[in-house]
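Numbers here are sequence positions counted from 1.
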Amino acid sequence: MGGNSTTSNGDGNQVHVEGDAHGPVVAGGGIHIGDGNTGIVITGFADDDGRKRNFTIAKASRVPVTATWIGIMSGVVTLIGFATGVTSVWQAVAAFRDGLSSAPPTDPWTVAWLLGGVVLVAVGVAGFSSARFLRRHVLRLPRHWRARAWAGIRDGSGRTFPWRLRLAAECEHCPGRKLRFAQVPASWVDHYQGGKTTRREVTEWQPVAICPRNPEHRVRVDVSGNDFDVALGRG
């Protein structure tokens, strides 16, 4: 197909393609861009009335480290940080005990190693959290629309890699207006002091695509509406 075209995918949904598309249109609101079954997949999201919508992955870049290796490296970093922190605490306790008869000595290196251990443990825990997210094979939208989305996507060998994605779609009500993809507050708790709101605590976030012209024109994004967990060549 060349130029702008609209093609039926067999489920009664319409997939709109801008530019050249090479590959079969598949069921469930998806289309494979590339040679045969390779390429990036255009997935669908559900509107409030249950009607399927479609958005494109305008740009994608893969991080060349698998989710498995991220988990392994996170475990190693966590162990190193824990061992460093325990050793530093033991040295501080020993120094304090030896200096009870006078002012306890202060060793800046002990403090530095302790803080380094804490940082390593924090990095390791964050890595574990990232690996767990990637293995879920769902889409994560950013809190701000200018940032990119992330997802764990299987390749043809079945390994899961982190992908950085830029999504695209147009507002159905405002021609030419591109939707902005982000997480927005769905529920929150306002804290008051002296009759005025001092702080808003967000308790739930919702992934949506919002029209910049009218925020009421929004579509709830189905973060699992994709084939990221299927072993496919991604091109």
Query raised in the report: Just by distance, do the side chain of R154 and the backbone of F228 share a donor-acceptor pair under 3.5 Å?
Result: no

Query raised in the report: Does a side-chain heavy-atom distance below 4.5 Å link D155 with R62?
Result: yes

**Report entry** Approximate separation, where rounding is to 0.5 Å, of R146 CZ and R166 CZ
**Finding:** 12.5 Å

Report summary line: Closest non-hydrogen contact found for A58 with A168 is CB-CB, 4.0 Å

Query raised in the report: Do the numbers put R140 on top of the ring of F133, so that NZ or CZ is under 6.0 Å from the six-membered ring centre and no more than 45° off the axis?
Result: yes

Query raised in the report: Is the count of non-hydrogen atoms from other residues, nucleotides or ligands lying under 6.0 Å from R135 atom CZ greater than 12?
Result: yes

Report summary line: For S74 and G124, the nearest pair of non-hydrogen atoms, with its separation, is CB-O, 3.4 Å

Query raised in the report: Taking the side chain from Q193 and the backbone from T198, do they hold a donor-acceptor pair closer than 3.5 Å?
Result: no

Query raised in the report: Hey, quick one: are W150 and W69 part of the same hydrophobic cluster, counting side-chain heavy atoms closer than 4.5 Å, chains of contacts allowed?
Result: yes

Requested in this report: Determine whether F161 and V63 make a side-chain contact, defined as any pair of heavy atoms from C-beta on separated by less than 4.5 Å.
Outcome: no

**Report entry** Spacing of CZ belonging to R199 relative to OH belonging to Y192, to within rounding of 0.5 Å
**Finding:** 12.5 Å

**Report entry** Polar side chain donor-acceptor pair, T197 to H191, under 3.5 angstrom
**Finding:** no

Query - Side chain to side chain, L165 and L139, heavy atoms closer than 4.5 Å - result: yes

Query raised in the report: If you measure from CG on L115 to CH2 on W113, what distance do you get to the nearest 0.5 Å?
Result: 12.0 Å

Requested in this report: Keeping the roles fixed (side chain from R218, backbone from P215), state whether a donor-acceptor pair exists under 3.5 Å.
Outcome: yes

Query raised in the report: If you group Ile, Leu, Val, Met, Phe, Trp and Tyr by side-chain heavy-atom gaps below 4.5 Å, do L179 and V208 land in one group?
Result: no

Query raised in the report: Hey, what do you get for CG (L134) to CD1 (I153), rounding to the nearest 0.5 Å?
Result: 10.0 Å

Query raised in the report: What about V123 and V76, same hydrophobic cluster or not, with Ile/Leu/Val/Met/Phe/Trp/Tyr joined at side-chain heavy-atom distances under 4.5 Å?
Result: yes

Query raised in the report: More than 12 foreign heavy atoms under 6.0 Å from CH2 of W205: is that the case here?
Result: yes

Report task. Please say whether more than 12 non-hydrogen atoms of neighbouring residues, nucleotides or ligands are located less than 6.0 Å from CZ in F82. Result -> no

Query raised in the report: V77 and V119: same hydrophobic cluster, using ILVMFWY side-chain contacts below 4.5 Å?
Result: yes

Report summary line: In short, G176 meets E170 closest at the heavy-atom pair N-OE1, 3.9 Å

Query raised in the report: Is I70 linked to V138 within one hydrophobic cluster, defined over Ile, Leu, Val, Met, Phe, Trp and Tyr using a side-chain heavy-atom separation of less than 4.5 Å?
Result: yes

Query - Over 12 non-hydrogen atoms of neighbours within 6.0 angstrom of CZ in R148 - result: yes

**Report entry** Any L120 side-chain heavy atom under 4.5 Å of T78 side chain
**Finding:** no

Query - Side chains of H137 and T160 in contact at under 4.5 Å (non-hydrogen atoms) - result: yes

Report summary line: OG1 of T66 to CE of M73, rounded to nearest 0.5 Å, is 7.5 Å

Report task. Report yes if some heavy atom in the side chain of L167 is under 4.5 Å from a heavy atom in the side chain of T56; otherwise report no. Result -> no

Report summary line: NE2 of H217 to CD1 of I210, rounded to nearest 0.5 Å, is 12.0 Å

